[in-house]
Amino acid sequence: MPDGTVTPIYTYDIQYYIDISDTAGGASPTPNFANVTEDTAFDPSREYSTYSPSYKDREVQPEYDTSSKYGIAMDVDIFENQAFQEWLVAHEDDKNVPTSIVRVWAKKGTEQARPAKMAAFGLTMDPLDGPAGEFLKGKGKLKMTSNGWTAGTFNETTKVFTATEG
């Protein structure tokens with residue numbers, strides 16, 4: 001039973017890892033997960049598809065969510081010698097670059113088995129740019145290409161995702 005203490009959960013309590021192996025998208029035989037760092041925005045969102053029938057016998061018409069598309073809008077400061085940022089720079093002009101994202105609860109479980117989920121995504125970058133005199137920015141959108149997330153655990157030391165059976 002809770003002791004009445006309320007502890008906030010911060011945005012940094014969820015860490016994202018992205019497969020930068022260039023053979024990703026859920027089919028990578030040897031993924032190379034890099035921690036998403038120096039991000040000022042790595043914002044997940046959903047776009048819903050709806051069904052809105054019109055019934056003559058109802059004053060207020062129903063609307064049903066039938067499916068959704070998952071995406072992540074990102075804004076990352078570009079630094080040298082950072083694997084994730086160098087991968088973004090290499091794909092500045094590419095569309096739908098296959099990759100996988102692992103979303104990890106950074107303070108739950110152990111370093112060898114953090115609760116996580118993984119899905120395939122496609123990356124499309126905007127041109128690298130930034131305000132005068134400030135950091136170069138990598139902005140773009142990651143769109144989920146799999147049929148949802150796969151639950152499992154993530155080993156932060158070996159950077160290996162293991163799907164939960166069942």
Side-chain angles (χ1 to χ4, degrees), residues 7-49 67-163:
T7 304
I9 299 173
Y10 295 95
T11 55
Y12 52 76
D13 290 335
I14 293 178
Q15 293 291 307
Y16 288 91
Y17 290 81
I18 188 165
D19 186 353
I20 60 171
S21 66
D22 281 338
T23 57
S28 176
T30 310
N32 180 12
F33 287 109
N35 190 222
V36 175
T37 58
E38 284 79 36
D39 56 308
T40 56
F42 205 78
D43 301 329
S45 64
R46 281 196 177 93
E47 292 178 32
Y48 291 95
S49 297
S67 64
S68 63
K69 295 177 185 176
Y70 192 93
I72 300 172
M74 63 175 190
D75 184 342
V76 177
D77 289 339
I78 302 297
F79 286 87
E80 292 184 276
N81 301 316
Q82 296 290 322
F84 171 55
Q85 285 86 339
E86 289 178 358
W87 183 75
L88 292 177
V89 171
H91 290 293
E92 175 186 12
D93 297 321
D94 300 334
K95 293 181 204 75
N96 303 311
V97 178
T99 189
S100 294
I101 301 282
V102 179
R103 185 176 172 191
V104 180
W105 283 97
K107 291 188 178 178
K108 294 184 179 183
T110 66
E111 191 173 308
Q112 288 74 36
R114 302 259 188 233
K117 57 186 181 178
M118 183 174 76
F121 283 79
L123 166 74
T124 300
M125 293 287 298
D126 292 336
L128 297 172
D129 198 8
E134 293 187 20
F135 291 124
L136 191 61
K137 297 280 190 177
K139 296 181 180 185
K141 185 85 171 176
L142 290 148
K143 293 185 180 180
M144 187 181 285
T145 57
S146 58
N147 286 327
W149 293 97
T150 300
T153 59
F154 188 74
N155 184 320
E156 292 179 315
T157 305
T158 63
K159 297 193 176 26
V160 172
F161 175 83
T162 304

Practice prompt. Show the numbers, then the answer: is there a side chain to side chain contact (heavy atoms under 4.5 Å, CB included) between L123 and I18?
Written response: CA-CA 10 Å; L123 166 74; I18 188 165; 5.7 Å; no
Worksheet item: Going through the checks in order, is the side chain to side chain contact (heavy atoms under 4.5 Å, CB included) test met by D19 and N32?
Response: CA-CA 5 Å; D19 186 353; N32 180 12; 4.2 Å; yes
In the structure I gave you, are the side-chain heavy atoms of [X] and [Y] within less than 4.5 Å of one another anywhere?
X    : Y    : answer
K141 : S45  : yes
M74  : M125 : yes
M118 : Y17  : no
K137 : D77  : yes
Q15  : V102 : no
L136 : V89  : no
N96  : T145 : no

Practice prompt. Begin from the C-alpha positions of W149 and M144 and carry the test side chain to side chain contact (heavy atoms under 4.5 Å, CB included) through to its verdict.
Written response: CA-CA 9 Å; W149 293 97; M144 187 181 285; 3.4 Å; yes
Between atom [atom1] of [X] and atom [atom2] of [Y], what is the distance when rounded to the nearest 0.5 Å?
X   : Y    : atom1 : atom2 : answer
E92 : D129 : CD    : CG    : 9.5 Å
I78 : L128 : CD1   : CG    : 5.5 Å
T99 : L142 : OG1   : CG    : 7.0 Å

Fill in: A113 backbone acceptor or donor facing N155 side chain under 3.5 Å
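Between the backbone of A113 and the side chain of N155 there is no qualifying donor-acceptor contact (under 3.5 Å).
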Fill in: Donor-acceptor pair, side chain of S146 and main chain of A120, under 3.5 angstrom
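Checking the backbone N and O of A120 against the side chain of S146, a donor-acceptor pair under 3.5 Å is found.
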Worksheet item: Got a sec: does the CZ of F135 have more than 12 other heavy atoms crowding it under 6.0 Å?
Response: no
Fill in: Residue pairs involving residues 142-154 (criterion salt bridge (charged side-chain N to carboxylate O under 4.0 Å, His left out); sequence neighbours excluded)
none
Practice prompt. Enumerate the residue pairs fulfilling salt bridge (charged side-chain N to carboxylate O under 4.0 Å, His left out) with a member in residues 106-119, sequence neighbours excluded, ordered by first and then second residue.
Written response: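 Listed once each, the pairs are D13-K107, R114-E156.
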Worksheet item: Among all residues two or more places apart in sequence or in another chain, which pass the ring-ring contact (aromatic ring centres under 6.0 Å, His included) test with F161?
Response: none
Should the pair [X] and [Y] be assigned to parallel (<30°), tilted (30 to 60°) or perpendicular (>60°) ring geometry?
X   : Y    : value
Y16 : F42  : tilted
Y70 : F121 : perpendicular
W87 : H91  : perpendicular

Fill in: Closest heavy-atom pair and its distance - V104, A116
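Minimum heavy-atom separation between V104 and A116: CG2-CB, 4.0 Å.
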Discussion item. Tell me the closest heavy-atom pair linking A163 and T150, and the distance in Å.
Written reply: CB-CG2, 3.8 Å
